[in-house]
Amino acid sequence: MAEGQEDTRKRRHREHMKLKRKADRQRETEQNQTFEARSCHCATLCSATKTDFCKLYEAVPFPATIDPSRPWESSIRLIRLKAGGEGDTIECDLFHASLDGGHQFIALSYVWGDYHDRITICVNGRAVNITRHLHTALVHLRNRSSDTTLWVDAICIDQGNLGERNSQVQHMPEVYSVAAEVIAWLGEEADGSGQVIDYINSHAKGASGSSRQHEPPTSAQLDYLWSRPYWGRVWVVQELASAYRSNGRCYMRCGHRSVSFEQFRYFLGEYLASHIYTQGDSVLGPKHLTNLSIAHGEKSFLEILSESAFLASTDPRDRIYGIRGISPEFYRSKIPVDYRISFHELCQRVIFEYVKKERNLDILCQFRGFPRNDHCPSWVRDLSSYNRGVSLTIHFASAGSQPNPTISDNILHINGRSIGRANLLRGPYKFPAALQAGQPWPEMPNLRKVEAFALAALSKRHKNSTPGDLQGRFMNLVSGDRWRGAAIHGTKVPYPPREVWDAVNQHKSSSKVDEQTHLRYKYFPFLFSPLIGRTLFDTVGGSIGVGPPNMQKDDIICVLHGCSYCAVLRKVKKQHYTFIGPAYVDGAMSGEYIRQEYDDEGRPNLEEQFHIH
């Protein structure tokens, strides 16, 4: 017995060391990538080796503090952009200032742009490389007759110094809060952006009738503005939010034209109220970003994490650090900025704190898993990979349960009840993102076969149901009841789900897409996203559902306490499993299997504990 325990201990130690080496390699890779993208910007490198040393920042040290090892805790650097005319070299003075006040400055919110496309400027007499996108912003912000004081992250933070970078990034919401003004740089004037901004200003809330003389922008001009890279940057959310919550002095700027954030938001709201838009439309970028920026205290951490999933960052860790400023206080205190850990480790830390705080597992359903060869626990999800087909707000499969999840030794322990075992699998189903009128039909799944498979299982499961009831259950299955939550998801759908399904269902591979089908298919990826890229399955006991793409025959379908969706698990050994993903199961999404005495095979439905590795 003792010998067997010793073998088990050694095996676990080997597995732990293997995971540790994997994490160390991942951390080193990410830190090297970060250095290559964000180290010393001087035109002549200060050192041939990868160190924190940079002569530019050495010449502008932070003042001494109580803790000499962390002098940057209460200070920031600012730049004084010197006056100049068109064609003059950009020249700046870099100096330190206290966050407590004393300096009036403008905080710049912008997109870094292509790191390899760089222009040299002069900072404290030293040649420094910055991206062309930032250079363009500085050219437009420069005053001809007087200097301008700015905070710009790429210049004011020593990006190669991890200690400084961790601290300064953590204080960025405060920087944007105390700034006298925040300028959101959308880019140069182009594609009619000037006309759009003039029109927004003239039609702002409270504008006089005499000022409303500008021609309305065309849909193409609006689309160009909505499609600018600025709307897809994760850091923008907390930058705008900090300015909005503190003093509201925030301006959206294109070239030399600007409009206040409040006026822009008012115009955007009116536009959205009068237009039909769908998933993938360019206007959703500014819509989601502005909504997140003003939602102070109104959204849960999981809602913020989910709604910001479309935003991008150069460093994957900024996916989390970029929304700290708008997250609840608990998560700001428990998830400090730390660029020494890998993205995997950061996701594990976030999920650990979430499960401990919220006592539910919805975060596991909302995001996809890492590739299994990454050797991290299956409950650690990739928080940059959003599960679009999951609608947590309209389901609660574990209703009536009392969740008490715990995590120890990298194992998630949770109680739950079994539904059944996966039997027949169909899919995963891949659909084109869009259809073009007049073009041949692209290759896509046969919806008639999908419907026939599902209706056969539903009719066996619900023998006394009318054809209409079965059709309703089928629509709920393939849409995940998503049509009920269209308003919640912020999407207007002018057609019934059945009409959209039938329009696509009638296609022939040899025919061309007609205009009516083209219009209806615009809503297909939204309404039926729970089916797209996922697997249709039935169980040995006759249940039917839609699950993750990588599920297999004999996977366990169950309800885990504190989980809004059903879960697909794969058995490792008795009571030990890996988490495969969430599943929509007909007749199990409102707590039915928490209350039922038997599973779908007729066995006693006893509560059991699941240990998820």
Within the distance-only criterion (no hydrogens, no angle test), does the side chain of Asn161 pair as donor or acceptor with the backbone N or O of Gly163 below 3.5 angstrom?
-> yes
If you measure from CG on Leu383 to CD1 on Ile363, what distance do you get to the nearest 0.5 Å?
-> 5.0 Å
Specify the closest pair of heavy atoms between Cys566 and Met589, including all atoms of both residues, with the distance to one decimal.
-> SG-SD, 3.9 Å
Least distance between heavy atoms, Ser401 atom then Gly562 atom | OG-N, 3.7 Å
Give the C-alpha distance, both sets of side-chain angles, the deciding distance and a yes or no for side-chain contact (heavy atoms from CB on, under 4.5 Å) between His561 and Asn360.
-> CA-CA 7 Å; His561 291 184; Asn360 74 57; over 6 Å; no
Quick one: pull up CG in Leu289 and OG in Ser308 and give me the separation to the nearest 0.5 Å.
-> 10.0 Å
Does the separation of the ring centres of Tyr339 and Tyr321 fall below 6.0 angstrom?
-> yes
Between Gln609 and Ile414, is any pair of side-chain heavy atoms under 4.5 Å apart?
-> no
Ser109 and Tyr230 side chains, donor-acceptor separation under 3.5 Å = yes
In this structure, which one of Asp538, Ile544, Asp554 forms a side-chain contact (heavy atoms from CB on, under 4.5 Å) with Asn423?
-> Asp538
Consider only side-chain N and O atoms of Ser342 and Glu345, and report whether a donor and an acceptor are under 3.5 Å apart.
-> yes
Check whether any side-chain heavy atom of Ile594 sits under 4.5 Å from a side-chain heavy atom of Glu607, and report yes or no.
-> no
Answer yes or no: is there a side-chain heavy-atom contact under 4.5 Å between Tyr593 and Val559?
-> yes
Between the main-chain N or O of Gln238 and the side-chain N or O of Arg324, is there a donor-acceptor pair closer than 3.5 Å?
-> no
d(Cys365 SG, Leu560 CG) to nearest 0.5 Å is 8.0 Å
Under 3.5 Å donor-acceptor, Ser529 side chain and Phe526 backbone = yes
Are there more than 12 heavy atoms of other residues, nucleotides or ligands under 6.0 Å from atom NZ of Lys553?
-> yes
Report the C-alpha distance between Leu361 and Leu412 in whole Å, list the side-chain angles of each, state the deciding distance to 0.1 Å, and finish with yes or no for side-chain contact (heavy atoms from CB on, under 4.5 Å).
-> CA-CA 10 Å; Leu361 304 181; Leu412 170 63; 4.1 Å; yes
Validation row: Tyr429, Phe528 side chains within 4.5 angstrom (heavy atoms) | no
Nearest atoms (heavy-atom pairs only) where Phe537 meets Gly547 = CE2-N, 3.5 Å
Between Arg233 and Tyr110, is NZ or CZ placed under 6.0 angstrom from the six-membered ring centre and within 45° of the ring axis?
-> yes
side-chain contact (heavy atoms from CB on, under 4.5 Å) between Leu302 and Asp362, intermediate numbers included = CA-CA 8 Å; Leu302 184 56; Asp362 283 346; 3.7 Å; yes
Heavy atoms of Pro582 and Asn387 approach each other most closely as CG-ND2, 3.7 Å
Could you please spell out the steps behind the side-chain hydrogen bond (donor to acceptor under 3.5 Å, both in side chains) verdict for Asp153 and Trp112?
-> CA-CA 10 Å; Asp153 63 347; Trp112 277 38; 3.3 Å; yes
Do the side chains of Arg340 and Asn166 get nearer than 4.5 Å, heavy atoms only?
-> yes
Interatomic spacing from CD in Glu353 to CD in Gln348 - rounded to 0.5 Å | 11.5 Å
Would His395 and Ser590 satisfy side-chain hydrogen bond (donor to acceptor under 3.5 Å, both in side chains), going step by step from the backbone distance to the final call?
-> CA-CA 6 Å; His395 300 298; Ser590 299; 5.9 Å; no
Does Thr290 reach the main-chain N or O of Lys287 with its side chain, forming a donor-acceptor pair under 3.5 Å?
-> yes
Is Phe330 atom CZ crowded by more than 12 heavy atoms from other residues, nucleotides or ligands, each under 6.0 Å away?
-> yes
Note: Asp315-Arg165 ion pair, threshold 4.0 Å (strictly below) | yes
Is it the case that His462 and Asp586 place a side-chain donor and acceptor less than 3.5 Å from each other?
-> yes
Between the side chains of Asn410 and Trp379, is a donor N or O closer than 3.5 angstrom to an acceptor N or O?
-> no
How far apart are the closest heavy atoms of Phe474 and Ala454, and which atoms are they?
-> CD1-CB, 3.6 Å
State, without any angle test, whether His611 and His576 hold a side-chain donor-acceptor pair at a distance under 3.5 Å.
-> no
Parallel, tilted or perpendicular: ring planes of Tyr354 versus Phe301, cut at 30 and 60 degrees | tilted
Interatomic spacing from CG in Leu536 to CG in Leu477 - rounded to 0.5 Å = 6.0 Å
Are any non-hydrogen side-chain atoms of Leu527 and Met475 less than 4.5 angstrom apart?
-> no
Output yes when a side-chain donor or acceptor of Gln552 lies under 3.5 Å from a complementary backbone atom of Arg570, and no otherwise.
-> no
Worked verdict on Ser543 versus Arg461 for side-chain contact (heavy atoms from CB on, under 4.5 Å) = CA-CA 7 Å; Ser543 295; Arg461 188 76 177 165; 3.5 Å; yes
Under 30°, 30 to 60°, or over 60°: which ring-plane class applies to Phe610 and Tyr577, parallel, tilted or perpendicular?
-> tilted
Please state whether the rings of His288 and Phe310 are parallel, tilted or perpendicular, taking 30° and 60° as the class boundaries.
-> tilted
Any donor-acceptor pair under 3.5 Å linking the side chain of Ser398 with the backbone of Cys563?
-> yes
Can a donor-acceptor pair be found between the side chains of Asp599 and Ser418 at a distance below 3.5 Å?
-> no
Once you round to the nearest 0.5 Å, how far does CD1 of Ile335 lie from CD of Gln170?
-> 11.0 Å
Cation-pi, Tyr386 ring and Arg368 (6.0 angstrom, 45 degrees) | no
Counting N and O atoms only, with roles assigned by atom type, does the side chain of Ser242 sit under 3.5 Å from a partner on the main chain of Glu239, one being a donor and the other an acceptor?
-> no
Less than 4.0 Å between a side-chain N and a carboxylate O, is that true for Lys574 and Glu608?
-> no
Might you point out which heavy atoms bring Val234 and Asp318 nearest each other, and give the distance in Å?
-> CG1-O, 3.6 Å
How far apart are the C-alpha atoms of Asn605 and Glu597, what are their side-chain angles, what is the distance that settles it, and do they pass the side-chain hydrogen bond (donor to acceptor under 3.5 Å, both in side chains) test?
-> CA-CA 5 Å; Asn605 191 12; Glu597 295 182 4; over 6 Å; no
For the side chain of Thr535 and the backbone of Pro548, is there at least one donor-acceptor N/O pair under 3.5 Å apart?
-> yes
Please tell me if the side chains of Ser384 and Phe343 come closer than 4.5 Å, counting only heavy atoms from C-beta onward.
-> yes
Decide, yes or no, whether a salt bridge links Glu164 with Arg77 under the criterion of side-chain N to carboxylate O below 4.0 Å.
-> yes
Would you tell me whether His613 and Ser378 have side-chain atoms, one donor and one acceptor, within less than 3.5 Å of each other?
-> no
Report yes if some heavy atom in the side chain of Cys156 is under 4.5 Å from a heavy atom in the side chain of Trp151; otherwise report no.
-> yes
Heavy-atom donor-acceptor pair, Arg381 side chain to Leu364 backbone, under 3.5 Å | yes
